[in-house]
Amino acid sequence: YEMEGSATLMKPASITTAQDRRATRRQKSSVRKAIYDSVHSNSKIESMSMLSQQSSEDMNPAPSEMAGFDVVGVRDEKQLRHWESILEQEPLCRRDVESAVFAGVPDAVRGKVWQTLAKMRKCKEEPLSSSLSYEELSRSAKPLVKNAVMLDIGRTFPTHVYYREELGPGQTALCNILLAYSTFDSAVGYCQGAGFLAGIVLNYFKDDEEAGFTLFKDLLTRYNLRDVYKPHMSGLKLRLYQLSRLVHDRHFELHEHLNTYEVTPSLYAVSWIMTAFAAQLPFKIAVRIMDFIFLQGIDALFKVILYTLEASENEILSLKNFEVLMSYIKETIPQKIDASFEYRVKDIFSLDLTLELRELEIEYQVLHEDLESANKAEMLETKYNLLKLQNKCHSNQITQLNRELERSRTEKRALLGRVEELEAKYREDVMCLNFQISTLQEEVELLRKRNAVLCTVLTGEAEAEGEGEGFLVTDDGDSFMVSNDPDRESIVNIESLLSEQFQPSME
């Protein structure tokens with residue numbers, strides 16, 4: 001990269017001269033000071049971005065410069081022995097470990113190196129723990145989690161030789177690790193994307209599945225990556241905010257260009273962060289990135305993202321369409337990170353973002369609290385307005401009910417008046433009926449007397465006139481004449497007799 005007017009092509013760490021190392025230290029010091037000044041003054045430090053100053057020739061070194069290196073930067077058995085000697089040190093020298101990681105990590109000791117780096121990592125919070133064994137954790141997973149894992153397991157490294165066989169040893173072991181972690185950390189459970197990190201780790205613990213689970217667990221808990229996979233993704237929101245601010249401060253023109261077309265980090269960087277680029281980059285590059293995640297934490301991901309955007313800034317600025325921009329960022333940019341990535345390692349991961357990210361984290365927390373307070377105030381105001389509206393509705397209902405109550409009272413009074421009228425009429429009708437009953441009783445009594453007299457008269461005449469004719473008197477007072485003589489004079493005599501003895505007024 002260019003520094004103070006001179007251009008120097010970075011050599012591999014193993015052949016760097018003492019002069020180059022001194023120059024590198026001066027450059028790092030200069031960059032750190034610039035970062036510190038930029039954070040506290042909120043100035044843009046776009047001019048201090050070393051990656052954006054590299055020429056196109058630097059981004060694609062000649063094949064001769066690659067001599068002696070494989071795709072992950074491990075030269076030969078000498079470096080393997082160097083790592084073995086480092087791992088045997090008691091206590092470990094962190095500076096030696098960092099230098100060795102930059103130089104490259106042999107696959108033969110990569111798993112052990114990751115375990116060592118994880119143990120060296122200081123936890124901000126008390127690590128999670130469980131009394132269950134690995135097998136018990138895996139068997140205790142919820143059925144819904146098992147179904148989700150089984151659906152996703154085939155899409156995790158589908159072309160990798162260890163994971164491509166359906167329900168083969170690789171998929172089975174990966175499934176067990178994800179199920180065990182979902183039980184171990186119930187606050188996180190299972191989330192897509194975590195399978196890629198687990199797959200990278202497990203690839204170096206094929207003979208010790210439980211050790212792979214332990215390292216995967218440490219990766220999420222000790223490095224504070226678990227917040228990225230929580231249901232509400234609070235950690236992911238923080239990382240996206242930090243990334244947006246980093247791009248804004250370092251590449252303002254690029255940031256504004258992307259914002260113009262509404263291309264935000266939430267649209268292109270979510271998968272990069274949640275899978276540590278394992279879903280976009282070749283496995284060998286994802287493994288190399290994982291080396292630095294174990295060494296530097298999640299900061300390493302920001303450095304890779306900045307590198308990918310800076311390397312293609314001019315191309316991105318030339319694109320003027322949302323769909324084209326999204327396609328280029330998500331598909332073309334990852335393809336540009338190839339085997340030459342190893343030669344950008346020193347440039348990428350030497351960048352110190354610790355202070356900036358910490359400042360941005362505090363800024364996000366403050367803004368988040370302010371936003372929550374504003375949201376809370378807005379919610380209270382909304383609730384107040386809602387209660388006010390409800391109160392108005394209730395007032396209208398009360399007014400309507402009062403009207404109905406008054407109408408009901410009026411109807412009640414009318415009904416009471418009607419009832420009084422009906423009661424008066426009823427009493428009058430009862431009196432009339434009682435009078436009629438009394439009158440009828442008098443008539444009945446009169447008729448009984450007439451009947452008695454009639455019976456007496458008829459009986460006497462019947463005895464006097466003989467046996468040929470007479471009257472039959474029934475029990476209910478009725479009587480009729482029995483005679484063979486058609487002469488009815490006697491009946492007239494009886495009626496005249498009754499008329500003379502009884503002359504009542506029926507009115």
Side-chain angles (χ1 to χ4, degrees), residues 39-40 42 123-126 128 141-145 147-148 152 181-194 220-221 223-249 252 255-256 258-274 298 301-302 322 326 356-411:
V39 171
H40 289 278
N42 289 325
C123 294
K124 297 181 180 179
E125 301 177 357
E126 186 69 21
L128 300 176
K142 298 178 180 179
L144 289 178
V145 174
N147 293 337
D152 294 336
Y181 188 83
S182 71
T183 306
F184 170 78
D185 190 353
S186 58
V188 173
Y190 169 70
C191 180
Q192 287 181 332
L220 265 61
T221 56
Y223 291 83
N224 200 29
L225 292 175
R226 60 189 295 269
D227 290 344
V228 173
Y229 302 103
K230 285 184 176 179
H232 296 292
M233 295 186 175
S234 57
L236 180 61
K237 295 175 183 177
L238 167 62
R239 305 309 176 190
L240 292 173
Y241 175 81
Q242 289 174 315
L243 176 59
S244 178
R245 290 286 281 109
L246 284 173
V247 176
H248 175 275
D249 293 342
F252 182 76
H255 179 271
E256 293 301 301
L258 293 175
N259 271 358
T260 300
Y261 296 97
E262 300 182 350
V263 179
T264 61
S266 61
L267 296 179
Y268 62 82
V270 171
S271 180
W272 293 353
I273 296 174
M274 296 188 70
I298 199 171
L301 285 178
F302 288 102
F322 173 81
M326 287 299 301
E356 278 185 273
L357 291 174
R358 179 57 184 159
E359 291 287 340
L360 291 174
E361 181 177 357
I362 296 173
E363 179 181 303
Y364 174 80
Q365 291 173 351
V366 173
L367 292 175
H368 188 62
E369 290 175 359
D370 292 343
L371 182 61
E372 285 186 342
S373 300
N375 289 339
K376 187 175 181 179
E378 185 177 353
M379 289 176 60
L380 290 175
E381 184 178 359
T382 302
K383 189 175 182 180
Y384 168 75
N385 292 332
L386 179 61
L387 291 174
K388 188 176 180 180
L389 179 61
Q390 291 177 345
N391 182 55
K392 184 177 181 180
C393 293
H394 292 160
S395 298
N396 293 335
Q397 291 177 353
I398 291 173
T399 302
Q400 183 67 23
L401 290 173
N402 285 333
R403 292 175 181 172
E404 293 180 0
L405 178 61
E406 186 63 28
R407 185 166 57 253
S408 298
R409 288 174 177 173
T410 302
E411 293 176 355

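Along the sequence shown, residues carry numbers from 1.
- Shown here are the ring pair (Phe, Tyr, Trp, His ring centres under 6.0 Å) partners of Tyr181, two or more places apart in sequence or in another chain: Phe184, Phe216.
- Residues meeting the side chain to side chain contact (heavy atoms under 4.5 Å, CB included) test with Leu386, sequence neighbours left out: Gln390.
- For Ser271, the side chain to side chain contact (heavy atoms under 4.5 Å, CB included) test picks out Thr275, Ala279, Gln280, with sequence neighbours left out.
- Rounding to the nearest 0.5 angstrom, the gap separating the CD1 atom in Ile298 from the CG atom in Leu357 is 9.0 Å.
- The closest side-chain heavy-atom distance from Val145 to Thr183 is not below 4.5 Å.
- Here OG of Ser244 is found 6.5 Å from CG of Asn259. Values are rounded to the nearest 0.5 Å.
- Among residues at least two apart or in separate chains, salt bridge (charged side-chain N to carboxylate O under 4.0 Å, His left out) pairs with a member in residues 183-193 are Asp185-Arg226.
- Here the closest non-hydrogen pair linking Leu240 and Pro265 is CD2-O, 3.7 Å.
- For Tyr364, the ring pair (Phe, Tyr, Trp, His ring centres under 6.0 Å) test picks out Tyr241, His368, with sequence neighbours left out.
- Between Phe322 and Leu267, the closest side-chain pair of non-hydrogen atoms falls below 4.5 Å.
- For Thr260, there are no side chain to side chain contact (heavy atoms under 4.5 Å, CB included) partners two or more places apart in sequence or in a different chain.
- A distance-only check finds a donor-acceptor pair linking the side chain of Asn402 to the backbone of Ile398 [under 3.5 Å].
- By the side-chain hydrogen bond (donor to acceptor under 3.5 Å, both in side chains) test, Thr264 is found to be paired with Ser266, residues two or more places apart in sequence or in another chain being considered.
- The salt bridge (Lys or Arg N to Asp or Glu O under 4.0 Å) check on Lys230 picks up Asp227, with sequence neighbours excluded.
- Here the straight-line distance linking atom CD of Glu406 with atom CZ of Arg403 works out to 12.0 Å at 0.5 Å rounding.
- Within the 4.5 Å cutoff, the side chain of Leu243 has no heavy atoms near those of the Arg239 side chain.
- Here Tyr229 pairs with nothing under the ring pair (Phe, Tyr, Trp, His ring centres under 6.0 Å) rule; sequence neighbours left out.
- Of all heavy-atom pairs between Met274 and Gln192, the closest is CE-O, 3.5 Å.
- In this structure, the separation between CD on Gln365 and CG on Leu238 is 7.0 Å, given to the nearest 0.5 Å.
- For the atom pair CD (Glu411) and CD (Glu404), the distance works out to 10.0 Å, reported to the nearest 0.5 Å.
- Residues that satisfy the side-chain hydrogen bond (donor to acceptor under 3.5 Å, both in side chains) test with Ser395, not counting sequence neighbours, are absent from this structure.
- Atom CG of residue Leu367 and atom CD1 of residue Ile362 lie 12.0 Å apart, to the nearest 0.5 angstrom.
- Residues passing the ring pair (Phe, Tyr, Trp, His ring centres under 6.0 Å) test with Tyr261, sequence neighbours excluded: His257.
- Glu361 pairs by the salt bridge (Lys or Arg N to Asp or Glu O under 4.0 Å) definition with Arg358, not counting sequence neighbours.
- For the 3.5 Å distance criterion, the side chains of Arg245 and Gln242 fail to qualify, holding no donor opposite an acceptor.
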